[in-house]
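Below is one structure, written out as structure tokens; the observations come after it.
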Amino acid sequence: MRRLPLLILGLVASPLSAASFQDTGAIDRAVAAFTGHGVGNEGGARTPVDGRLKLAACPMVSMAWRTENHDAVVVTCTGPEWRLFVPVKLAAAAPRGAAPLVITPGVQAAAVRPVYVIKRGDPVTISAGSSGFSITREGVAAGDAVVGGRFMVKVDDQKNPVQAVAVAAGSATLPGWTE
């Protein structure tokens with residue numbers, strides 16, 4: 001008999017506790033209005049915000065682009081302080097270093113050969129940095145690469161090779177770093 005009041009209290013309290021969380025559907029609609037594109041569409045959110053997310057209810061959210069590339073929307077609440085990054089579906093871009101192949105009708109197409117600037121076994125200098133710091137490592141290429149192409153580099157003191165992006169003959173950088 002003592003458990004019945006606790007059960008009733010649990011049933012009454014559950015709608016109250018559910019109301020204290022932010023509606024993720026409202027976040028989806030706000031992001032769609034901010035980007036001008038629906039969820040899953042190019043320029044809109046990649047996927048809906050996970051409904052299992054339990055964010056404190058916010059009376060008013062603010063939105064901004066994460067970077068100038070418009071790759072994510074930052075949804076922020078200042079009342080109960082929280083921040084959410086919603087990734088945006090970008091248009092597929094050709095990889096750097098890739099040139100479009102133009103085929104003229106009636107003309108025999110010559111075999112197109114890639115121009116490898118780094119070949120397996122070549123000594124490679126990997127450098128990465130920005131204003132204020134720079135780091136450089138030397139290693140041996142474990143594969144061939146064109147400019148902008150990724151390849152593996154064996155660095156002496158490491159067991160596993162490191163992934164790098166070819167910049168020029170004998171020169172590479174780490175993925176995500178630009179010079």
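Nothing here was measured: the structure is a model prediction, and the numbers come from that model.
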Co-membership, hydrophobic cluster, residues Leu174 and Phe151, 4.5 Å side-chain: yes
Atom pairs and distances, side-chain donor-acceptor, residues 159-168, under 3.5 Å, sequence neighbours left out:
{"residue": "Gln163", "atom": "OE1", "partner": "Arg150", "partner atom": "NH1", "Å": "3.0"}

Side-chain polar contacts of residues 38-49 - donor-acceptor pairs under 3.5 angstrom, sequence neighbours left out - could you list them?
none

Hphob cluster co-occupancy, Trp82 + Phe34, side-chain heavy atoms under 4.5 angstrom: yes
Nearest non-hydrogen partners of Ile118 and Val124, listed with the distance: CG2-CG2, 4.0 Å
Pairwise side-chain contact, Arg29 with Asp23, heavy-atom cut-off 4.5 Å (strictly under): yes
Atom CG of Asn69 with >12 non-hydrogen neighbours under 6.0 angstrom: yes
Hydrophobic cluster identity match, Val86 and Leu53, side-chain contacts under 4.5 Å: yes
Geometric class of the Trp65/His70 ring pair [parallel <30°, tilted 30-60°, perpendicular >60°]: parallel
Val153/Ile126 under side chain to side chain contact (heavy atoms under 4.5 Å, CB included): CA gap, chis, key distance, verdict: CA-CA 9 Å; Val153 177; Ile126 304 171; 3.7 Å; yes
Gap separating the OG1 atom of Thr173 from the CD1 atom of Ile135, nearest 0.5 angstrom: 11.0 Å
Closest contact, heavy atoms only, Val75 versus Met63: CG2-CG, 4.2 Å
Where at least one partner belongs to residues 41-89, residue pairs that pass disulfide (SG to SG under 2.5 Å), sequence neighbours excluded: Cys58-Cys77
Side chains of Val61 and Ile27 in contact at under 4.5 Å (non-hydrogen atoms): no
Spacing of Asp122 atom CG and Arg120 atom CZ [to the nearest 0.5 Å]: 11.5 Å
From CA spacing to verdict: side chain to side chain contact (heavy atoms under 4.5 Å, CB included), Val146, Val115: CA-CA 6 Å; Val146 296; Val115 179; 5.6 Å; no
Any donor-acceptor N/O pair, Thr125 side chain to Ser171 backbone, under 3.5 Å: no
Joint cluster assignment, Val147 & Met152, ILVMFWY side-chain distance < 4.5 Å: no
Salt bridge Arg137-Asp156, side-chain N to carboxylate O under 4.0 Å: no
Least distance between heavy atoms, Arg66 atom then Asp71 atom: NH2-OD2, 2.5 Å
